[in-house]
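Written out below as structure tokens is the structure these notes cover.
All chains are named by letter (A, B, ...) in the order of the sequence lines, taking the proteins before the strands, and each is independently numbered beginning at 1.
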Amino acid sequence: MELHVAQALMWIERTNEKIQENKEYLSALDQAIGDGDHGINMARGFQAVIEKTSSSEYETVSDVLKDVAMTLMAKVGGASGPLYGTAFLKMSMSTKGKESVSQEDLAEAVRQALEGMKQRGKATEGEKTLIDVWTPVQELLEQSEDLQPEEIKKTAKDAMEATKNIMATKGRAAYLKERSIGHLDAGSVSSYYLFESLANVLEEGN
Amino acid sequence: MKKIVNDPNQVVQDMLKGLVAAYPESLKQVPDTTVVVRKDAPVTNKVALVSGGGSGHEPAHAGYVGAGMLDAAVCGETFTSPTPDQVFEAIKAVDGSAGVFLVIKNYTGDVMNFEMAAELAEAEGIRVEKVIVNDDVAVEDSSFTTGRRGIAGTVFVHKIAGAKADKGGSLEEVKAVADKVVANVRSMGMALSPCTVPASGKPSFELAEDEMEIGIGIHGEPGIERKTIATADEIAEELTGKILEDMDYTSSEVAVMVNGLGSTPEMELFILNGKVQDILAEKGIKVYKTFVGEYMTSLEMAGCSVSLLKLDDELKELLDSESKAPAFRI
């Protein structure tokens, strides 16, 4: 399992497609327990990312990830901008100097992204945020030998679905307390799209 | 959705153009940003105040830019906190070398974006301090949650910290007085109808004809309780009661703010204020000054919030001092 520049770009393109297709669904999820702007913000951010990456030339995966980070930070706003921006920035820093990204490198990049997001959002696992999707994916990447992309997809999906039964204690949904139970966390769903797209790209690369 | 807009995705840029054109003598926009600053920014050797947040809360925050209040307001997308680069542009535009003070409402996104901007500014050698406003008593203050939201009481922070900076207060002094306001201000709101964010085109939640939502924030998000609509007096009792339960105002002097959320007429706000004043009088709480009107709205949401600020001599003097901000002239 290797990630090269072309695949990294494909990963971002696929993620953008999922986000654009599900823009209204993400906003509807957010509307139930938050303020309803997650889909609008993510769609605006990823649209800008695609405009940036499709008009640039890249030599390393790290440079792709850095442009994604800077664009998301500058275009998304809300809580998702700093969180996804931080995640991609940390992944960029973690993969700096590498010609191609192995599973081991990816595990380390995702670990650093997760740490960065926890710090930025002062959040931890079990609070009904995207951390609840990133954590099991990171553990899977780190622990599995000869990982099949399908497993990434399944792990992210299960984790995303599990956020439905969590009572929110972070983010705007936290104000609703018990009323947040029974709703999926919008950030976890967009994170699932990110990992689903990654898995699809890795699958095609094998 | 029935709104006076052009492209729903361009509402912030379109609004800023018209806003600055409405107050050409006091405001200017920093080119290529969503930052509105005082016409004479940066003011040398004065601590500069920067606030902001999502758009859709007009006159907050740009209406509070002016001598005696904010030096800059950063306007995010509708109900979405501005991004760090924009906040950083605001900080750079108003820094008069005495430091920059950030007034942040306690929403996860606002806190993160402003903190990232503060880190960028500090890396460039600009001194930055901040206060996080959390006046909303509707949500429980517990270590398990993100804490309380910042709502209309934020305007008192802008006014008083702005006055302190205007009088030559140092960055530490401005922070100290802002902290004092935050410690003494409490608010609570309610809604009769939702609002529609232009880019989504749909109402933020649904409320039956005979229902009201108690304990809402200012982003069209659901509140803490939904119930059958009550009279103005009962609403005043519920909102004021919750505030008085939270903080002891016995024998103190207060400033009152009865804030409309965008489509509640002044008539109704005055009706509500009448009862709020009665309740305070009954409790022996002396009202020093009252503000009734739209200070921090949620687009066209119908509803209101009540804020009480406990005053001492310093806060009274700063509340009374001159402000040239278009939406808050004293």
Side-chain angles (χ1 to χ4, degrees), chain A residues 23-24 26-28 30-45 47-48 69-86 89 116-117 119-124 126-129 167-180 183 187, chain B residues 8-9 34 53-54 56 74 76-88 107-117 120 136 138-140 142-149 194-206 215-226 298:
Chain A
K23 179 170 131 174
E24 298 203 347
L26 287 174
S27 284
D30 190 25
Q31 193 165 321
I33 53 174
D35 56 353
D37 62 359
H38 190 62
I40 299 168
N41 292 344
M42 290 296 282
R44 181 178 58 241
Q47 183 59 45
M70 300 315 281
T71 311
L72 291 178
M73 268 184 215
K75 295 290 178 194
V76 177
S80 318
L83 291 173
Y84 277 110
T86 299
L89 192 62
M117 285 192 291
Q119 217 166 12
R120 178 59 62 201
K122 300 174 186 77
T124 177
E127 296 183 312
K128 202 182 183 92
T129 71
M167 182 171 94
T169 50
K170 270 287 173 323
R172 209 161 283 175
Y175 302 126
L176 291 171
K177 296 198 284 183
E178 296 82 13
R179 278 167 83 181
S180 69
H183 298 279
Chain B
N9 296 309
T34 56
V74 199
E77 292 295 327
T78 310
F79 293 169
T80 300
S81 67
T83 53
D85 56 320
Q86 297 293 306
V87 182
F88 183 38
Y107 284 96
T108 316
D110 287 84
V111 174
M112 282 194 271
N113 284 288
F114 276 79
E115 278 182 357
M116 288 169 85
L120 293 171
D136 187 0
V139 284
E140 225 169 90
S142 95
S143 55
F144 298 106
T145 66
T146 325
R148 290 174 163 175
R149 299 174 291 215
C195 57
T196 299
V197 175
S200 92
K202 280 187 266 189
S204 54
F205 56 85
E206 279 172 29
I216 44 113
I218 50 170
H219 299 93
E221 69 266 51
I224 51 164
E225 202 188 347
R226 187 164 292 192
S298 299

Please classify the contact of [X] with chain A as side chain, backbone, both or neither, using a heavy-atom distance under 4.5 Å.
X	result
Glu225(B)	backbone
Asn113(B)	both
Pro8(B)	neither

What's the spacing between [X] [atom1] and [Y] [atom2] if we round to 0.5 Å?
X	Y	atom1	atom2	answer
Met112(B)	Lys122(A)	CE	NZ	8.0 Å
Met73(A)	Gln86(B)	CE	CD	14.5 Å
Asn41(A)	Thr78(B)	CG	OG1	9.5 Å
Gln31(A)	Lys202(B)	CD	NZ	7.0 Å
Arg179(A)	Arg226(B)	CZ	CZ	6.0 Å
Asp37(A)	Ser81(B)	CG	OG	8.5 Å

request  = Please say whether more than 12 non-hydrogen atoms of neighbouring residues, nucleotides or ligands are located less than 6.0 Å from CE in Met167(A).
outcome  =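 Atom CE in Met167(A) is packed in, count exceeds 12.
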
query = More than 12 heavy atoms of other residues, nucleotides or ligands under 6.0 Å from CD of Glu24(A): is that the case?
reply = no

query = In terms of heavy-atom pairs under 4.5 Å, which option from Val111(B), Val197(B), Thr80(B) contacts chain A the most?
reply =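 Ranked by heavy-atom pairs under 4.5 Å with chain A, first place is Thr80(B).
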
task = Among Ala28(A), Gly36(A), Ala74(A), single out the residue with the greatest number of heavy-atom pairs under 4.5 Å to chain B.
result =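 Looking at each option in turn, the highest pair count goes to Ala74(A).
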
note = Pair count under 4.5 Å, heavy atoms only, with chain B: among Gly77(A), Gly78(A), Ser27(A), Gly121(A), highest is Gly78(A)

message = If you apply the rule side chain to side chain contact (heavy atoms under 4.5 Å, CB included), what do you find for Asn9(B) with Arg44(A), and how did you get there?
response = CA-CA 9 Å; Asn9(B) 296 309; Arg44(A) 181 178 58 241; over 6 Å; no

query = Under a 4.5 Å cut-off applied to non-hydrogen side-chain atoms, are Thr86(A) and Met116(B) in contact?
reply =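 Yes; the side chains approach each other to less than 4.5 Å.
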
inquiry  = So for Ala123(A), is it side chain, backbone, both, or neither that comes closer than 4.5 Å to the heavy atoms of chain B?
reply    = neither

